[in-house]
Amino acid sequence: MADKVFHDFQDDGIGDESVIGGVERHRAVDLPAGLALPDRLVVPARPDSIRAFAKWRGDRPLVVEVGAGKGRFLVSLAAQRPDLRFLGFETRLGLCAHVLERAAKAGRDNVAMAWGDARFNLPLLVPRGTAIEAYLLFPDPWWKRRHARRRHGAAMSRAIADALVPGGLLVLKSDIAEYLAAMVAAFDATGDWNPTQAPDDLPLTDRQTRLSFQGTKSFTAAFLRR
Ligand SMILES: C[S@@+](CC[C@H](N)C(=O)[O-])C[C@H]1O[C@@H](n2cnc3c(N)ncnc32)[C@H](O)[C@@H]1O
């Protein structure tokens with residue numbers, strides 16, 4: 001993947017960063033008919049799932065991950081820190097279910113998943129300034145021009161910054177140096193962040209595990225919420 005050319009497309013007038021699938025879809029779309037709502041899955045169109053999440057979280061410290069994928073990172077961190085609550089955001093329903101199954105198999109009851117774009121779901125689920133850490137690890141680079149508005153920029157930065165407490169940690173990782181640099185520039189330009197060192201003992205993600213197997217480098221940046 002990393003040998004492809006990452007085009008910025010900004011000068012092409014691609015338009016503003018957008019919620020994947022659109023805001024209306026997030027407000028309206030329920031689970032496919034006949035599918036029961038799994039415990040600790042939040043579906044934004046289901047107020048009962050939002051209330052259940054808030055009750056489950058209570059006033060415990062919360063860690064969030066945008067784009068949790070298959071959940072290796074989230075479930076590993078949840079195992080290391082059983083007193084915290086962990087909330088993953090994932091646009092793919094099948095992956096939400098996969099992460100919850102993985103957490104259950106690992107005996108972790110401190111992991112929840114929210115189905116949909118984190119730009120929409122973060123402000124819906126995480127009261128302002130109440131998450132202690134956030135992770136955005138190996139996001140899709142959306143190589144094609146027609147998908148480039150899905151990339152993470154100022155809108156994702158705002159959603160994460162609003163969720164975090166002052167001093168809260170945000171870690172970004174990518175194997176595409178140009179995408180990481182573009183995210184860092186966009187996030188930095190919001191004025192919400194101070195640069196910091198990322199912890200060097202974080203668990204690997206699923207993608208990172210594959211990359212390190214292939215000898216592909218990954219790049220990291222970290223910020224503290226101002
Ligand atoms: C390349 S995968 C990486 C997954 C995981 N972080 C890893 O490193 O293995 C990126 C994941 O982010 C999800 N995703 C993309 N945009 C998202 C968004 N705006 N909100 C929530 N999830 C998103 C995708 O469905 C995909 O599973």
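Along the sequence shown, residues are numbered consecutively beginning with 1. Order of appearance sets the numbers: ligands from 1, and atoms from 1 within every ligand.
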Distance-only N or O hit between ligand 1 and [X], under 3.5 Å:
X: P139; answer: no
X: L95; answer: no
X: T205; answer: yes
X: H152; answer: no
X: R92; answer: no

For the residue pair H26 and F120, categorise the inter-ring angle as parallel (less than 30°), tilted (30 to 60°) or perpendicular (more than 60°).
tilted

Parallel, tilted or perpendicular: which one describes the rings of H147 and W142, with boundaries at 30° and 60°?
perpendicular

Could you walk me through whether D117 and M156 pass the side-chain contact (heavy atoms from CB on, under 4.5 Å) check?
CA-CA 10 Å; D117 191 318; M156 184 62 84; 4.0 Å; yes

Using a 4.0 Å cutoff against the non-hydrogen atoms of [X], which atoms of ligand 1 qualify?
X: R207; value: 7 (C), 8 (O), 9 (O)
X: D206; value: 9 (O)
X: G69; value: 4 (C), 27 (O)
X: G116; value: 20 (N), 21 (C)
X: F138; value: 1 (C), 2 (S), 3 (C), 8 (O), 10 (C)
X: R119; value: 19 (N)

Quick check against the 3.5 Å criterion: does [X] have a side-chain atom that pairs as donor or acceptor with the backbone of [Y]?
X: N194; Y: R226; value: no
X: E178; Y: F6; value: no
X: R40; Y: L100; value: no

Please identify each residue that fulfils side chain to side chain donor-acceptor pair (under 3.5 Å) with T130, with sequence neighbours left out.
R57

Using a 4.0 Å heavy-atom cut-off, which part of R72 comes near ligand 1: side chain, backbone, both, or neither?
neither

Is I20 touching ligand 1 with its side chain, its backbone, both, or neither, if touching means heavy atoms under 4.0 Å apart?
side chain

Any M156 heavy atom less than 4.0 Å from ligand 1
yes

Non-hydrogen atom of E65 closer than 4.0 Å to ligand 1
yes

Please enumerate all residues that pass salt bridge (Lys or Arg N to Asp or Glu O under 4.0 Å) together with R145, with sequence neighbours excluded.
D12

Charged N to carboxylate O below 4.0 Å: is that the case for R158 and D192?
no

Presence of salt bridge, E133 and R81, under 4.0 angstrom:
yes

Option nearest atom 15 (C) of ligand 1 (shortest heavy-atom distance, choices L93, L211, D117, D140)
D140

